[in-house]
Colleague: 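Here it is, the structure, as structure tokens.
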Amino acid sequence: MASSLSQTVFSILLLHSLHQACAEMTHLHFYFHEILSGPNATVLTVVNPSNSTSLTFGTIVVVDDMLLEGLDDNSKLIGRAQGLVGAVGKDGSLETLHNFVFTEGKYNGSTISIYGRVELGVTIERPVVGGTGMFRMTTGYTLAKPVVVSATKLVYEFDVYLWHIWK
């Protein structure tokens, strides 16, 4: 059994080393636009235990937000941020699971998967836990800085740093 475990650990370390040696680094910069209300809302509450309009503990929402090249609402759409957001902390913290689906340019058809904790109003760091297409076998992280926060809209400036093996 020890031999089998040693071989498994060795194989994992070898694959990790090969991935790091062959990986290409990519930096992406774009804006995440979320519309909170109205006919074009990109957020839908699917579980609301308190029947309130805010994200209280236990609330779960689905999102289909826009990824735009710029801050302006009329900037070019480059993809969608689709996923789940759960209010998991009584302190107001959120847990997010997003797939960023790129629909334009070099990364058209590729995705990255992001999972992590969010506190509203501050720069958010979350890990990239995988991807598809050009981002197959990717790892990395995102930094999301709030630039517009209102009752009807949230806009975050995203910097995404990826290490992946496809070019």
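The chain is numbered in sequence order, starting from 1.
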Colleague: Kindly indicate whether the side chain of Val63, heavy atoms from C-beta on, has any atom under 4.5 Å from the side chain of Val43.
Modeller: yes
Colleague: Give a yes or no answer on whether the side chain of Thr96 reaches the backbone of Gly116 with a donor-acceptor pair at less than 3.5 Å.
Modeller: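 Yes; at least one donor-acceptor contact below 3.5 Å.
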Colleague: When rounded to the nearest 0.5 angstrom, what distance separates CD in Glu125 from OG1 in Thr142?
Modeller: 7.5 Å
Colleague: Could you walk me through whether Glu24 and His164 pass the side-chain contact (heavy atoms from CB on, under 4.5 Å) check?
Modeller: CA-CA 5 Å; Glu24 174 181 322; His164 54 98; 4.1 Å; yes
Colleague: Could you give the distance from CD (Gln82) to CG (Asp64), rounded to the nearest 0.5 Å?
Modeller: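 With rounding to 0.5 Å, CD (Gln82) is 4.5 Å from CG (Asp64).
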Colleague: Return the CG to NE2 distance between Leu154 and His33, rounded to the nearest 0.5 Å.
Modeller: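 If we round to the nearest 0.5 Å, Leu154:CG and His33:NE2 are 11.0 Å apart.
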Colleague: How about Leu28 and Tyr107: do any of their side-chain heavy atoms sit closer than 4.5 Å?
Modeller: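 In contact.
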Colleague: So, Thr103 versus Asn108: side-chain donor-acceptor pair below 3.5 Å or not?
Modeller: no
Colleague: Say whether, by atom type as modelled, one donor and one acceptor occur between the side chain of Thr138 and the main chain of Trp163 under 3.5 angstrom.
Modeller: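 Yes, the answer is positive, given that a donor and an acceptor are paired below the 3.5 Å cut-off.
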Colleague: In Å and rounded to the nearest 0.5 Å, what is the CE to OG1 distance from Met134 to Thr111?
Modeller: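 Separation between the atoms: 12.5 Å.
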Colleague: Is there a continuous path of hydrophobic side-chain contacts, each under 4.5 Å between heavy atoms, that joins Val47 to Leu97?
Modeller: no
Colleague: Which atoms form the tightest heavy-atom contact between Pro146 and Val122, and what is the distance?
Modeller: CD-O, 3.5 Å
Colleague: Would the number of heavy atoms belonging to other residues, nucleotides or ligands and lying under 6.0 Å from CZ of Phe158 be above 12?
Modeller: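 Buried by this count: over 12 neighbours within 6.0 Å.
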Colleague: Apply side-chain contact (heavy atoms from CB on, under 4.5 Å) to the pair Met66 and Ile35, showing each step before the final yes or no.
Modeller: CA-CA 9 Å; Met66 298 168 289; Ile35 302 169; 3.6 Å; yes
Colleague: Which pair of non-hydrogen atoms, one from Ser110 and one from Thr132, has the smallest distance, and what is that distance?
Modeller: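 Reported closest heavy-atom pair: CB-O, 3.4 Å.
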Colleague: Output the distance between atom CG (Leu68) and atom CZ (Arg80), rounded to the nearest 0.5 Å.
Modeller: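 Answer for the CG-CZ pair, Leu68 versus Arg80, is 8.5 Å.
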Colleague: Is there a donor-acceptor pair under 3.5 Å between the side chain of Asp72 and the backbone N or O of Asn74?
Modeller: yes
